[in-house]
*Asks:* 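Pasting a structure below so you can have a look.
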Amino acid sequence: MTNQPMQHHHEGDYMCLMKGLKELDFNGPSIPSALVLTGDHAFPLAMNSRGQVLMAASLYVRGRIVVFSHESFLTTLPDLVENALTWLRGDGSNNLSVGVHKNVKAVADNLSKSSFQVEVVDSFSQNQGFGVYVTDAYSVGEDPKDLVAFLKAGGGVLLAGQAWSWAADHPKENTLLQFQGNKVCGVAGIYISERKGEVECLPVYPEIPASWMTISVGKDFEDDLEFLLEDVSEFDLQGGQIASEILVHGPLAFPIGTTGDGKVFLAGAYYGQGRVIVVSHETFLGRESMAQFWNNAIHWLDEGRQGVVGVVPDHALNIMRRSGLQCEKTNFKDDLSVFVCTAYSSDYMKEIQHFVAEGGGLLIGGHAWYWTQTHSGQNPLTDFAGNQILNKMGLSLLGSTINGGVFKAPVPSQAIKDSYHFRHLLNRFAGHVSDGEDLTQQEEEFLKKLGKDCSTFLKMKPQDCTAYNQVVSTLTGILQKSGMPQVSDSCPVKAPRDHLLLNVGTLVYKVCPDPDALLPYLIKENPLLPVVYNQRLRINANTADGEEWISTGLYLSPGMKTFLSMPPEIINNGWKVIQIGCQTDHLNHEELKRAPCVHERFPITTEMMQVWNLWGGLIYLVAPPKTQVNGAKVVVQMAVPAPYYKSGETTPAQWALLRTAPSPWAELEFDNIIITVPSDNVRSLERPDELAALWDAIMRAVADLAVIPHKFPRKERFVTDVQISAGWMHAGYPVMAHKPSSSELVSTTHARTAGLWGPIHELGHNQQRSCWEFPPNTTEGTCNLWSVYVHEEVLGINREQANTAITLSERNKRAKEYVQGGRNLSSWECWVALETYLQLQEKFGWDAFKKVFAAYHKMTKFPGDNKGKMNLYAETFSQTVGMNLCGFFKSWGWPIEAATEEKLSNLPPWSDHPMVQYG
């Protein structure tokens, strides 16, 4: 698997540092350390064939730093040193003074003929006025805060050294935090590790080097888990709290508490010189059953400083005080040792990040699922406050949830190996694809989860982040090596590996540096279709409470790009372009017949927009709710024409040509409904006007029964797909159905002979109103009133022929069994519930239902519970037909109250209703 180039904001920095260099020869007696990179701004300069980083650079606040993994490289690579000093000065700086620590005096000798003003010093001091300071990793001083302050204020630091020999001499010390050099470079997200690096002569790559082998965990965390889990055997998360799942994605981040299926609710990380722990519900910070863990956690975060712990949430204060450390109720301030807060505010975001990077401890609690549900259209990975703090630290709170339970604490010695860890498994999977490494059964089982986590991670899109780009590079390489499963109805995907590849393919295509080069590995058969140019469209919209999809009659092939010219009145007004027909269902099935997500949306933010989608699809404009636009002009630069019929506009002569248009998807737009089906289903449709007349009559009938105007505020949509998210069909905008339904939707003959029970059932769902619905009992029942009504009133098919479930014998059997079962409302659902309404209809007619629905339209206040709503319905229906129906509804087990009976006591009772015969 080849390395993929990484493109981000540091490419210019990399080019400056590598200027004029063709190779870096690391061969020699010196044994370097492998470097570990974290955060947004650290990027590799040299990477060996094992994926070990031997040199790196980073930014920290206003300053810059370059790190070599052995001090000898300061003299063996003089040209690189000069480039580094130039870059470290910063853009536009005139300060040529360079301070060189006496232990690396040879650097000063090599620079004697350069333009730099070099001074050899015994130690660093802020008042020396240097622009750049050069030192080995062993001479930064016991207290490197001055050098960190110099870096933070805009200084440049060139630091070199290895840590493996120090680690061997200090086996009980934490190399990442205690090794002297790391006290400076770790702040900027570069760590010199105890792992030895392999040397070789490396070419200088034109882009920042990348390798799947770098996607690994930078530490085993066994000692951290032993400290954190001392006297902790389990995590009791029982109760009503719903936690978020945590994505652990940084090279120095690790899970602490997980569910049996690998979902993380408690995690930790190293960030700079500090540490962080996140728990995915803030109430757990004050939970008594977790007191021992919090005691351990506070001491782990404090790192022995015995400093002040600042606590924001009141409920956490008492638990934290048991740690024996000084705890106080306070918001963030610089002089704390540990800061405890919730994840719902990004106040002090930068200050908190710098606080941790420079050695502070952070304990943060909160969930992102509620925020995700209440912030439609926003990205929790980037927009949720807690993640704006945590993402850089390698941890993110997700919109997915974890229910309560009691979960065993991990065994420290086995934690990374045996539990799920995003980077560890991604590295293992990349090795499996690249080198054929065998995966364990447990790793195989976790691949599907890895695919979902990769998709989530890719939505962060921080293009200047090396860790992010290394993952993109790895996934791009995986897809180029293995290809993506060519999923279809005849070739479904079941294996976890293929689930992973399908999940990530779409998103990698969107974020990788060269999507056109990746496309042939993702879509193997992609025939060139004839296109039309500069199609001018006039857009009219007058939307109500919901968004509306406006058809263009144009299609994009998979991966095909086009430009759209947008009118000023819809720019930055909530409008969007949606591609890929209307197949917007997100799939979560064990067996997939298409990728989980195949549509793409772009907000309309500029006059000229380029749009595309890996999976191709029909192009739509999406109008936001409560929007009015008349005659707005849109120009589509290039697209494939689709068979598109619109009542009142498309002439028979035009349709004779349009039905042969090359797009694989077609659309028929009638007065109140739009039907999207594979084009093969309309190629032989000679009289779309007859089909339009039928659907117009059906939709008028739907409106008549619902007692709403014949002109729908938004046309209904029907879309067929190879696979949908639930059921054979499901309601919504659009109504989704499986492909075999396509031919039925566009055939007047089929409709008038076999009927359209399923489609009308779904249209009925769209007419249900919560005020007269009693979920879950009537959810699949009352929608069938529309099926019965349309079949009898429009299609001329009586109810017994319309559906075998409502033959007279079946209905009588069902009613009898319901009574014999004790008239239990838990059994009053679907067909049983429908029977209640059919008995009402057969006594009082359809007009009674229309009058009842009309009465509800005039009401403004409704009960919120089923019992209250059922009493209101019984009262409303009784008043409408002038008969006391309490006895009838009670015979069906409805909880009719005495107050309702009293209100209706003056009306004659329906004493001979059909349920009397059952006693």
*Asks:* Examine distances only and state if a side-chain atom of Lys715 and a backbone atom of Phe670 form a donor-acceptor pair shorter than 3.5 Å.
*Replies:*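 Yes: the side chain of Lys715 pairs with the backbone of Phe670.
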*Asks:* Decide yes or no for His375 and Asp383: does some side-chain heavy atom of the first lie under 4.5 Å from some side-chain heavy atom of the second?
*Replies:*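 In short, these two side chains do not touch, never coming nearer than 4.5 Å.
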*Asks:* Check for me whether Arg714 meets the cation-pi criterion with Tyr733, that is, NZ or CZ under 6.0 Å from the six-membered ring centre and within 45 degrees of the ring axis.
*Replies:*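 Here Arg714 passes the 6.0 Å and 45° test against Tyr733.
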*Asks:* Determine whether the side chains of Thr749 and Ser747 contain a donor N or O and an acceptor N or O closer than 3.5 Å.
*Replies:*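 Their side chains do not contain a donor-acceptor pair, so the 3.5 Å distance test is not met.
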*Asks:* Do Thr584 and Arg601 meet the criterion of a side-chain donor-acceptor pair at a distance under 3.5 Å?
*Replies:*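 No.
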*Asks:* Counting only N and O atoms by type, is there a donor-acceptor contact under 3.5 Å from the side chain of Asn866 to the main-chain atoms of Pro775?
*Replies:*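 Yes, the answer is positive, given that a donor and an acceptor are paired below the 3.5 Å cut-off.
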*Asks:* Please enumerate all residues that pass side-chain contact (heavy atoms from CB on, under 4.5 Å) together with Asn871, with sequence neighbours excluded.
*Replies:*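 Here the qualifying residues are Lys867, Ile896, Glu897, Thr900.
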*Asks:* Would you say the ring centroid of Phe407 lies under 6.0 angstrom from that of Phe265?
*Replies:*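 Here the rings of Phe265 and Phe407 have centres that are less than 6.0 Å from each other.
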*Asks:* Mind checking whether Ser741 and Phe718 have side chains closer than 4.5 Å, heavy atoms only?
*Replies:*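 A side-chain contact under 4.5 Å is absent here.
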*Asks:* Tell me yes or no: between the side chains of His499 and Glu590, is some donor less than 3.5 Å from an acceptor?
*Replies:*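 No donor-acceptor contact under 3.5 Å links the two side chains.
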*Asks:* Kindly give the heavy-atom pair with the smallest separation between Leu904 and Ala874, and that separation in Å.
*Replies:*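 Heavy atoms only, the tightest pair is CD1-O, 4.1 Å.
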*Asks:* Among Tyr837, Trp757, Trp846, which residue satisfies the ring pair (Phe, Tyr, Trp, His ring centres under 6.0 Å) criterion with Tyr789?
*Replies:*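 That would be Trp846.
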*Asks:* Any ion pair linking Lys576 and Glu547 (charged N to carboxylate O, less than 4.0 Å)?
*Replies:*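 Salt bridge between Glu547 and Lys576, a charged N being under 4.0 Å from a carboxylate O: no.
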*Asks:* Grab the two heavy atoms, one from Gln768 and one from Thr779, that are nearest each other, plus how far apart they are.
*Replies:*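 Smallest interatomic distance, heavy atoms only, reads NE2-O, 3.0 Å.
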*Asks:* Less than 4.0 Å between a side-chain N and a carboxylate O, is that true for Glu835 and Arg814?
*Replies:*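 Glu835 and Arg814: not salt-bridged.
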*Asks:* If only atom types and distance count, is the side chain of Asn803 paired as donor or acceptor with the main-chain N or O of Arg799 below 3.5 Å?
*Replies:*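 Pair absent, no side-chain N/O of Asn803 close to backbone of Arg799.
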*Asks:* Going by heavy atoms in the side chains, are Asp585 and His730 under 4.5 Å from each other?
*Replies:*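 Yes. Closest side-chain heavy atoms under 4.5 Å.
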*Asks:* Please find out if less than 6.0 Å separates the ring center of Trp894 from that of Phe774.
*Replies:*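 For Trp894 and Phe774, the ring centres are under 6.0 Å apart.
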*Asks:* Please check if any side-chain donor atom of Thr782 sits under 3.5 Å from a side-chain acceptor atom of Trp772, or the reverse.
*Replies:*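 Result is no, nothing qualifies.
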*Asks:* Taking Leu745's backbone N and O only, do any of them form a donor-acceptor pair with Trp695's side chain (distance below 3.5 Å, no angle check)?
*Replies:*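 Yes, the answer is positive, given that a donor and an acceptor are paired below the 3.5 Å cut-off.
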*Asks:* Can you tell whether the side chains of Glu245 and Lys452 come within less than 4.0 Å, N to carboxylate O?
*Replies:*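 No.
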*Asks:* Between Trp786 and Asn784, is any side-chain donor less than 3.5 angstrom from a side-chain acceptor?
*Replies:*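 Per modelled atom types, Trp786 and Asn784 side chains form no pair under 3.5 Å.
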*Asks:* Check for a donor-acceptor pair, side chain of Thr627 on one end and backbone N or O of Thr543 on the other, with a separation under 3.5 Å.
*Replies:*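 Checked: no pair found.
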*Asks:* Do we see a donor-acceptor contact under 3.5 Å between the side chains of Tyr344 and Glu282?
*Replies:*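 There is such a pair (donor and acceptor under 3.5 Å, judged by atom type) between the side chains of Tyr344 and Glu282.
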*Asks:* I'd like to know if the side chain of Glu810 pairs up with that of Thr804 as donor and acceptor (distance under 3.5 Å, no hydrogens or angles considered).
*Replies:*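 Note: Glu810 and Thr804 side chains miss the donor-acceptor criterion.
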*Asks:* Contact between His761 and Glu780 at the side-chain level, heavy atoms closer than 4.5 Å - yes or no?
*Replies:*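 Heavy-atom side-chain distance check passes, below 4.5 Å.
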*Asks:* Would you say the side-chain atoms of Gln238 and Asp236 include a donor-acceptor pair closer than 3.5 Å?
*Replies:*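 Short answer, yes.
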*Asks:* Quick test of your reading of the model: are Lys739 and Asp721 salt-bridged, counting only N-O distances below 4.0 Å?
*Replies:*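 A salt bridge is absent here (no side-chain N lies under 4.0 Å from a carboxylate O).
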*Asks:* Any donor and acceptor pair, going by atom type alone, linking the side chain of Thr880 with main-chain N or O of Ala848 inside 3.5 Å?
*Replies:*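 Here the side-chain-to-backbone pair does not exist.
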*Asks:* Are Lys903 and Cys886 close enough that some pair of their side-chain heavy atoms sits under 4.5 Å apart?
*Replies:*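 No - every pair of side-chain heavy atoms lies 4.5 Å or more apart.
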*Asks:* Looking at side-chain heavy atoms only, is the closest gap between Leu885 and Leu840 below 4.5 Å?
*Replies:*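 Leu885 vs Leu840: side chains touch.
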*Asks:* If we ignore hydrogens and angles and just use 3.5 Å, is the side chain of Asn503 paired with the main-chain N or O of Ser455 as donor and acceptor?
*Replies:*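 No: the side chain of Asn503 does not pair with the backbone of Ser455.
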*Asks:* Looking only at side chains, do Trp665 and Glu667 share a donor and an acceptor under 3.5 Å apart?
*Replies:*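 There is no such pair (donor and acceptor under 3.5 Å, judged by atom type) between the side chains of Trp665 and Glu667.
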*Asks:* Going by side-chain contact (heavy atoms from CB on, under 4.5 Å), Val677 matches just one of Val719, Leu685, Val746. Which one?
*Replies:*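 Going through the options one by one, the only one that passes is Val746.
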